[in-house]
Amino acid sequence: MVITSGCCLEKFVMNHLINMYCKCGDLESGITLFSVLPRKNVMSCNILIGGFVQNGDLDSARILFDEMPERNLATWNAMVGGLIQFEFNEEGLCLFGKMHGMGLFPDKFTLGSVLRGCAGSKEVKLGQQIHGYVMKSGIDFDLVVGSSLAHMYMKCGNMSDGEKVFEGMPVHNVIACNTIIAGRAQNGYSEGALDQFNLMKLAGLRPDKITFVSVISTCSELATLGQGQQVHAQAIKSGADASVSVRSSLVSMYSKCGCLEDSLKVFLEPEDDDDDVLWSSMIAAYGFHGHGQEAIKLFEQMEKKGIEPNDVTFLSLLYACSHRGLKERGTELFRLMVDEYKLKPRLEHYNCMVDLLGRAGCLEEAEALIKSMPIKPDSIIWKTLLSACKIHKNTEMARRVAENVLRLDPQDAVPYVLLSNIHASTKGWGDVSEMRKTMRDKNVKKEPGISWLEVKNQVHQFRVGDKSHPKWLEIDEYLKELTSEMRKRGYVPDTNSVLHDMDIEEKEYHLAHHSEKLAIAFALLSTTSGAPIRVMKNMRVCNDCHLAIKFISEITNREIVVRDASRFHHFKHGKCSCGDYW
DNA sequence: CTAGGGTTAG
């Protein structure tokens, strides 16, 4: 009705109508109206560009932008913002450079987009320049500009400047707080993230679903179940628990805290269950607990439901296969990902494949994959192969591979330790001492192993041979008792993975006080019920601890759950759920 | 026209 008499309408009414249609997702009608406009001014073009962008049709937006005879600031803002919104960061930043070169000065709308682009492509230099410009130009330093700046710094890993910007903001709202919480969480400052969460509540700000997503992810990082459950309860109270994003983070949190059943419970809630991330997080949860078959079954269901898997879905699947020794299935899935779903494998996918092949004992195949892949290998993927060499005791390949790790990451202690152990086993003492000298010269240090657990809402932390815990004497005494009982049952300490410059007795003492053994002994002493013991570790469990914990679970008749740097081990009656494949 | 978030190998 309106369209038929379109030509007679006032221009600004027409513009409003076009805007309305575009906003409501009816791009067709917007375009039709635009085409009957007798004279198109900058304003109407801007509106249509905005419409194209909001509906994801960037190509049309680009064409219209290029054809426009004159443009104003809003035109540039719409185009720059649109490109960056759809992660064409470089193109967006390039366009920004162009507009700047033409003497146009950015306003706060431009800056919001450009800072987001800087964050996305880690352009901290440009970000800093913009920061300087904001301070000089007298642009309103409002919530949006402030949050964007803080976000940019933190995304680029520059925590201190991000925090400074946040402190300098005159007021904070929920979004500003969310920026800081996420920034801290993503840079490993988990406690700081939780602090800000508590502070914002004290300040009377109501956490929204985005707050919960970040805070719940933080709890998975810390793997402290009690905290996670509390935050879940708060999310339920606020109604945020119905959001798929919140549920995805809950699935992950429960799985990382060792409660696979709770992950499944959240996953099975009936609403909104056709989300790829939600499904991926459940697949990852199964994989993390060593349930490779269930992960694959879930993927098949996902395909049947027509949910499009993404690259993370496949990463989780490959991971699940590699931890169950499902070599054939994993290889098929990798092919499916590339050939059917046309997803480009990232280095992470190749790493999973190397892990899959290597663990399964196909070391040559794994090495060939690294050499043939179209991406440059990093030190991590060589380290994956190195640990496979170690499992399958292929010292010859280990030497070669360790050299590659050393070349790419000279500060990593793992290859040094491994190489010096190889030299020691062949009595190459000269090589051994040279190796140790290099380590000293380059100041290479082994990352300390840390284990922690929650007892009565308190987190207790242990390091190797750490005597600082108030109950140290009791723990040490109890470990002696346990060890002698273990030996009676046939336990022999596996001293192979210890640095070799100690005698056997020292090695055994060192092994007996690995952080996870301390943590488990403490847990056994401080809990009397038959409840399972949950211990977290920042590194992989060593061979000796894995063996010892099996004995301990039998002797004490307790279920012991250990979260490793890469997966879960459920020890029960002298056996581990990983089937010694880890 | 503008800011923040979920799944992820070793």
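Reminder, nothing fancy here: chain letters follow the sequence lines and each chain counts from 1.
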Whether A:Trp76 and A:Phe65 hold their rings parallel, tilted or perpendicular, with breakpoints at 30° and 60°: perpendicular
Nearest-nucleotide pick for A:Phe109, side chain only, options being B:dT7, B:dC1, B:dG5: B:dC1
Under 3.5 Å side-chain donor-acceptor pair for A:Tyr189 and A:Gln196: no
Touch class at under 4.0 angstrom, heavy-atom based, for A:Val354 against every strand present: nothing
Sugar-phosphate only, base, or nothing, as touched by A:Asn77 at under 4.0 Å among non-hydrogen atoms: base
Nucleotide nearest A:Val144 (side chain, heavy atoms from C-beta), chosen from B:dG10, B:dG5, B:dA3: B:dA3
Nearest-nucleotide pick for A:Ser243, side chain only, options being B:dT8, B:dG5, B:dA9: B:dG5
Centroid-centroid under 6.0 Å between A:Phe288 and A:His323 rings: no
Side-chain N or O of A:Ser281 closer than 4.0 Å to phosphate OP1/OP2 of B:dT8: no
Between C1' of B:dC1 and CE of A:Met20, the distance in whole Å: 18 Å
Gap between atoms CD1 and P, on A:Ile283 and B:dA9 respectively (whole Å): 13 Å
Side chain of A:Ala182 - closest among B:dG6, B:dG5, B:dA3: B:dG5
Over 12 non-hydrogen atoms of neighbours within 6.0 angstrom of CZ in A:Phe105: no
Side chain of A:Val312 - closest among B:dG5, B:dT7, B:dA3: B:dT7
Touch class at under 4.0 angstrom, heavy-atom based, for A:Arg116 against every strand present: sugar-phosphate
Touch class at under 4.0 angstrom, heavy-atom based, for A:Asn173 against every strand present: base
Short side-chain N/O contact to B:dT7 OP1/OP2 from A:Ser217, under 4.0 Å: yes
Any A:Gln85 side-chain nitrogen or oxygen under 4.0 Å from OP1 or OP2 of B:dA3: no
Options B:dT8, B:dG6, B:dT7, nucleotide nearest the side-chain atoms of A:Lys256: B:dT8
Short side-chain N/O contact from A:His323 to OP1 or OP2 of B:dG10, under 4.0 Å: yes
Touch class at under 4.0 angstrom, heavy-atom based, for A:Asp208 against every strand present: base
Salt-bridge criterion met for A:Glu367 and A:Arg400 (N-O under 4.0 Å): yes
B:dA3 phosphate, OP1 or OP2, under 4.0 Å from A:Lys155 side-chain N/O: no
Basic-acidic side-chain contact under 4.0 Å: A:Lys164, A:Glu167: no
Atom-pair distance (CE on A:Met539; P on B:dG10), nearest Å: 15 Å
Protein-nucleotide distance (A:Asp274, atom CG; B:dT7, atom P), rounded to Å: 19 Å
Rounded distance (Å) that lies between atom P of B:dT7 and atom CD of A:Glu221: 10 Å
Sugar-phosphate only, base, or nothing, as touched by A:Val145 at under 4.0 Å among non-hydrogen atoms: nothing
A:Thr384 side chain, from C-beta outward: closest of B:dA9, B:dG5, B:dG10: B:dG10
Short side-chain N/O contact from A:Arg359 to OP1 or OP2 of B:dG10, under 4.0 Å: yes
Selected nucleotide, minimal atom distance to A:Glu348 side chain, candidates B:dA9, B:dG5, B:dG6: B:dA9
Whole angstrom value for the distance that separates P of B:dG10 from CD1 of A:Ile380: 10 Å
Enclosure of A:His392 NE2 (heavy-atom neighbours >12, cutoff 6.0 Å): yes
base_contact_polar (B:dA3 base, A:Asp142 side chain, donor-acceptor, <3.5 Å): no
Length of the line joining A:Leu104:CG and B:dC1:P, which is rounded to integer Å: 20 Å
Nucleotide nearest A:Asp275 when distance is taken to its side chain, options B:dG6, B:dT8, B:dA3: B:dG6
Touch class at under 4.0 angstrom, heavy-atom based, for A:Thr179 against every strand present: sugar-phosphate
Donor-acceptor pair present, A:Ser248 side chain and B:dT7 base, under 3.5 Å: no
Rounded distance (Å) that lies between atom P of B:dT2 and atom CG of A:Asp140: 16 Å
Phosphate-side-chain proximity, A:His151 and B:dG5, N/O vs OP1/OP2 below 4.0 Å: yes
